[in-house]
Amino acid sequence: MTVFCENNFLPFLQHGHVFQPSDASGVLLFIMMGKVLLNVFLLCVRRQNLHQSFMGYFCISLAILDLVLLVTISFISHFQNFMLLGVRLTKYHSCLLTQIIALTYGILHYPVSLVAGLDYYFTITQPLKSPDVCRRWLYTATVLFTWISALCYVLSLPGSAIGLDVDHYNSAYKCPFYISSQTYWLSLGMLMIMCLILILCWSEIVDTVHSVKVISYESETVLFFPYEPECSPRDCAKHLLARLLICFSGTWVPFVLLQILIVLLGAQIPAFIEMNVPWLYFVNSFLIAIAYWVRRRHIKVSEETWDVDPFVSWKFCVVPFNGQNTDKAQTSTSKTVIC
């Protein structure tokens, strides 16, 4: 039997490869349990009642699918070698299910990022409104279509219905974990864009960092910057780009450092681990920052328009307000922005 993620008949996945751990069942349960807990934690600590988005719905669907996968693997591992609907289920089927899910996860990074980016490009200029039933159904249908399309593609690949290259009743088989290259190239692209911005806006970033103050505003820890009301369109664009980079990096600095290590070390992470809620929200914030800068001339400066990210307070980067309630050292007439 052939492994269904071999490169010779998966041209779309030809840049991925397979990693085989020695103890597959124990590793699967341990990893999936940690991943589910991390997904639930991120979904609980995120800010609620925000601008509806495709990425938000997709993150919820991913958390649900991970939970279903964990329950299924745990059930099979606990009862081991039992009959269900005429099929004898063993540890082999846990591995086979994980392989199919891993391949599905592995090909979704580009499509999800593209759809989320287009979503923000067309909706980022719209102020926050009451929950839109039509938009909810549209996002739900899009998420379902994305999952079903990816799963159908994986199952239609030659050999995808037969997982491992050994007898699945033999307990000595090895469980290959598919490793996708999509996250590597996404991380590399994001880091290159951040480096390019750092080079182009170095003077603005240095000036902004020198003026920053960490304060508490409405029970939220934020960065306090002086507001510059007059500047040329080119300078204003660079100032906004610098503030967006500082806000993004300041919020996601652990994840940025992690991506740098992964890229530099060429770390090989199984696809079913790489697709997780923290990673998606990291990409989500990056896409929001790009949409803000690209659509900056069409955005109305209001708190509702900028309150779209569950983790980054983008509205504080550009919304001017009276600084007398934020820092006693500031005069009551000073205009400021918070990032």
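Predicted model, so just to flag it, every value in this text is computed and none were measured.
- Not counting sequence neighbours, the partners of L114 by the side chain to side chain contact (heavy atoms under 4.5 Å, CB included) test are L118.
- Closest heavy-atom contact between F311 and T251: O-CG2, 3.8 Å.
- Every side-chain hydrogen bond (donor to acceptor under 3.5 Å, both in side chains) that S61 has, sequence neighbours left out, goes to W147.
- The main-chain N or O of M55 is never found under 3.5 Å from a side-chain atom of N284 such that the two would form a donor-acceptor pair.
- For the residue pair D309 / S285, a side-chain donor-acceptor distance below 3.5 Å is found, with atom types taken as modelled.
- Between L42 and N276 there is no side-chain heavy-atom pair separated by less than 4.5 Å.
- Heavy-atom minimum distance, A150 versus T104: CB-CG2, 3.7 Å.
- No continuous path of hydrophobic side-chain contacts links F122 to L138 [ILVMFWY only; heavy atoms under 4.5 Å].
- In terms of hydrophobic clustering, with Ile, Leu, Val, Met, Phe, Trp and Tyr side chains grouped at heavy-atom distances under 4.5 Å, L264 and L196 are assigned to different clusters.
- In this structure the side chain of V256 never reaches within 4.5 angstrom of the side chain of Q259, judged on heavy atoms.
- The two residues S180 and G106 have their closest heavy-atom pair at OG-O, 2.9 Å.
- Y121 meets the side chain to side chain contact (heavy atoms under 4.5 Å, CB included) test with V294, R295; sequence neighbours excluded.
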Intermediate values then yes/no, side-chain contact (heavy atoms from CB on, under 4.5 Å), I193 and F286: CA-CA 10 Å; I193 292 175; F286 188 82; 3.9 Å; yes

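- For the atom pair I148 CD1 and F145 CZ, the distance stands at 8.5 Å (nearest 0.5 Å).
- Contact between L70 and V36 at its shortest, heavy atoms only, is CD2-CG2, 3.9 Å.
- Considering CZ of F248 and CD1 of I290, their distance stands at 9.0 Å, rounded to 0.5 Å.
- Between L38 and V277, the closest side-chain pair of non-hydrogen atoms is not below 4.5 Å.
- Linking ILVMFWY side-chain heavy atoms closer than 4.5 Å, directly or via other members, places L257 and L261 in two distinct hydrophobic clusters.
- The hydrophobic clustering, which links ILVMFWY residues whose side-chain heavy atoms are closer than 4.5 Å, places I269 and L265 apart.
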Pair L186-Y110, side-chain contact (heavy atoms from CB on, under 4.5 Å): steps then yes or no: CA-CA 8 Å; L186 276 178; Y110 291 164; 3.8 Å; yes

Run I197 and L244 through side-chain contact (heavy atoms from CB on, under 4.5 Å) and show every step you take. CA-CA 10 Å; I197 296 174; L244 291 174; over 6 Å; no

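- We find the CD-CZ distance between Q52 and R136 to be 5.5 Å, quoted to the nearest 0.5 Å.
- Taking the side-chain hydrogen bond (donor to acceptor under 3.5 Å, both in side chains) definition, one finds that S113 meets it with nothing, sequence neighbours left out.
- Atoms CG and CE, on L245 and M194 in that order, are 5.5 Å from each other to the nearest 0.5 Å.
- Grouping the Ile, Leu, Val, Met, Phe, Trp and Tyr side chains by contacts below 4.5 angstrom, directly or via other members, places F54 apart from L144.
- A donor-acceptor contact shorter than 3.5 Å is absent between the side chain of S181 and the backbone of Y184.
- The two residues Q268 and P270 have their closest heavy-atom pair at O-CD, 4.0 Å.
- Distance CE/M275 to CG/L108: 5.0 Å, rounded to 0.5 Å.
- Judged by distance alone, the side chains of T140 and Y57 never bring a donor and an acceptor atom under 3.5 Å apart.
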Given L103 and Y153, is the side-chain contact (heavy atoms from CB on, under 4.5 Å) satisfied, shown in steps? CA-CA 10 Å; L103 279 170; Y153 174 81; over 6 Å; no

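- Across G117 and L287, no two heavy atoms sit closer than the pair N-CD1, 3.9 Å.
- Distance check, rounded to the nearest 0.5 Å: CG of L200 to CG of L241 gives 8.0 Å.
- Using a 4.5 Å cut-off on side-chain heavy atoms (C-beta onward), L280 and L62 make contact.
- Screening residues 29-46 for side chain to side chain donor-acceptor pair (under 3.5 Å) gives K35-D66, N39-D66, R46-Y281 as the qualifying pairs, with residues at least two apart or on separate chains.
- Between the Q182 side chain and the H109 main chain, a donor and an acceptor come within less than 3.5 Å of each other.
- Using cut-offs of 30° and 60° on the angle between ring planes, the pair F282 and W279 is tilted.
- Residues satisfying the salt bridge (charged side-chain N to carboxylate O under 4.0 Å, His left out) test with E274, not counting sequence neighbours, are none.
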